[in-house]
There are 2 protein chains.
Amino acid sequence: MDAALEVFSTYGYRGSTIDQIVQAADMSKSSLFYYFNSKTEVYVALLSETLEEWLKPLTQLDPAGDPLQEIWSYIERKLDMSRTNPKASRLFANEILHGAPNIMSILTGELKALVDEKCQTIQLWIDQGKLAQVSPYHLIFMIWATTQHYADYEVQVDTLIGDDCDKRFADANQTLKTIFLNGLLPR
Amino acid sequence: MDAALEVFSTYGYRGSTIDQIVQAADMSKSSLFYYFNSKTEVYVALLSETLEEWLKPLTQLDPAGDPLQEIWSYIERKLDMSRTNPKASRLFANEILHGAPNIMSILTGELKALVDEKCQTIQLWIDQGKLAQVSPYHLIFMIWATTQHYADYEVQVDTLIGDDCDKRFADANQTLKTIFLNGLLPR
DNA sequence: CTATATTTCGACCAAACGGTCCAGTTTTTT
DNA sequence: AAAAAACTGGACCGTTTGGTCGAAATATAG
């Protein structure tokens, strides 16, 4: 699965070949096909495996906590995942970009249920005057977009600011904190 | 080129076949190879063609204008491009996601020069106390990420909020406006 | 009209790819 | 130790894919 993640996240589904994966995994093609019946099966197994970890940060958003604190913690967790596991982020980016043909059921099921639930929490916070009046859904999209950007567009970020990885994420953290926390302050 | 954009933006470079493109363009394979020498040449031509239009909004950021007004105009232009030409956005997303093998020279050349220049402008605004203290580069990344998200992750957005396209972009606009303008206010 | 350049077409090719097969080896179970 | 199960390697196969070729059709020029 490590080899599959390495290859699929770099070249996408169609861009990856079985030969690349077995070579990266240092095994033979028949060995792989002993465990999986097709290329798609490897890909879907990898997607499913990674997806669970991917949803965790949002589940931790606590309705009982302080709104601004909770949201900022969520942003930090997501940003940290982009730094520590950019390949997983790119794997999903590829899948979604191509229309999510393999995980559509998870999007409409598990993910939608989770997002709907958390958006209710956020809406409650807004109604209580603890957050600026924004659309909870679009707020979550903003958080996803800004944090995953550092994984998905790593090459571009790397090209435009030469900084080493640590400084880059520290600066990103500070800018996100300023804009999100300042921006979400109720007026 | 329309057919190429349609196909490449949907399936990515490796995921697209010459046959798909010529079929979408309603022409024969040899006809296509009369104009282009290879699949890559079609792809690069399309990328270059689209890239020019893509950079326009940033060039219009006016150093002489009102900082918050200028940045908000830029955001609106970018968001509008995601709505009117999502395929172009996805074409680039694919390319960058895979390491930008075909447009690296543009990233390090033209794009970097433009971004560096505009970041100087933004830094000046910050130094004059007209904007909150953020990293100009990461601010631009935030703008790119949040606006292009609606094109690149259209399927996911569509799945999670059932709204029609118009309402969706109106809500996105309002949320981005609140958070960015509120967030960038100097304190 | 004739000749030249441009454009189109279907047939074809070689390489790459996903996947199969089977004979053999290693590991586990009894 | 014997038998069964799990696992591996490499040769092989059919399809897809990027790309070629030459002949025919169409347009342009003198």
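Chain identifiers are assigned alphabetically (A, B, ...) following the order of the sequence lines, protein sequences preceding nucleic acid strands; residue numbering begins at 1 within each chain.
Between the side chain of A:Thr17 and the base of C:dG18, no donor-acceptor pair of N or O atoms lies under 3.5 Å. You won't find any donor-acceptor pair under 3.5 Å spanning the side chain of A:Ser28 and the base of D:dG10, going by distance alone. Contact annotation: side chain of A:Lys39 to base of C:dG19, donor-acceptor pair absent below 3.5 Å. You won't find any donor-acceptor pair under 3.5 Å spanning the side chain of B:Ser38 and the base of D:dG18, going by distance alone.
Rounded to a whole Å, the CD atom of A:Gln23 is 13 Å from the P atom of D:dG10. Per the geometry, OH belonging to A:Tyr11 stands 16 Å off P belonging to C:dA16, to the nearest Å. Here the P atom of nucleotide C:dC21 and the CG atom of A:Asn37 are 12 Å apart, to the nearest Å. If you measure from atom OH of A:Tyr34 to atom P of C:dT27, you get 14 Å, rounded to the nearest angstrom. Atom CG in B:Asp19 sits about 11 Å away from atom P in D:dT16, given to the nearest Å. Across the protein-nucleic acid pair, A:Phe33 atom CZ and D:dG9 atom P stand 15 Å apart, rounded to whole Å. The separation between B:Lys29 atom NZ and D:dG19 atom C1' is 7 Å, rounded to whole Å. Summarising the geometry, the separation between CE on A:Met27 and C1' on D:dC7 is reported as 9 Å, rounded to the nearest angstrom.
Dashed line: the shortest gap from a side-chain N or O of B:Tyr35 to OP1 or OP2 of C:dT8 is under 4.0 Å. Under 4.0 angstrom from either OP1 or OP2 of D:dT16 there lies no side-chain N or O belonging to A:Arg14.
Nucleic acid contact for A:Thr40: none, since no nucleic acid atom lies under 4.0 Å from a heavy atom of the residue. Residue-level contact check: B:Phe36 touches neither bases nor backbone, having no heavy atom under 4.0 Å from any strand.
Between B:Phe92 and B:Trp54, the distance separating the two ring centers is shorter than 6.0 angstrom.
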Test log, rule side-chain contact (heavy atoms from CB on, under 4.5 Å), inputs A:Thr178 and B:Gln133: CA-CA 8 Å; A:Thr178 299; B:Gln133 292 196 11; over 6 Å; no

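Shown here are the ring-ring contact (aromatic ring centres under 6.0 Å, His included) partners of A:Phe169, two or more places apart in sequence or in another chain: A:Tyr150.
Side chain of A:Glu70 to backbone of A:Asp62: a donor-acceptor contact under 3.5 angstrom is found.
Geometric assessment of B:Lys87 against the ring of B:Phe8 yields a negative cation-pi assignment under the 6.0 Å and 45° thresholds.
Considering only the side chain of A:Ser31, D:dT8 comes nearest among D:dG18, C:dT20, D:dT8.
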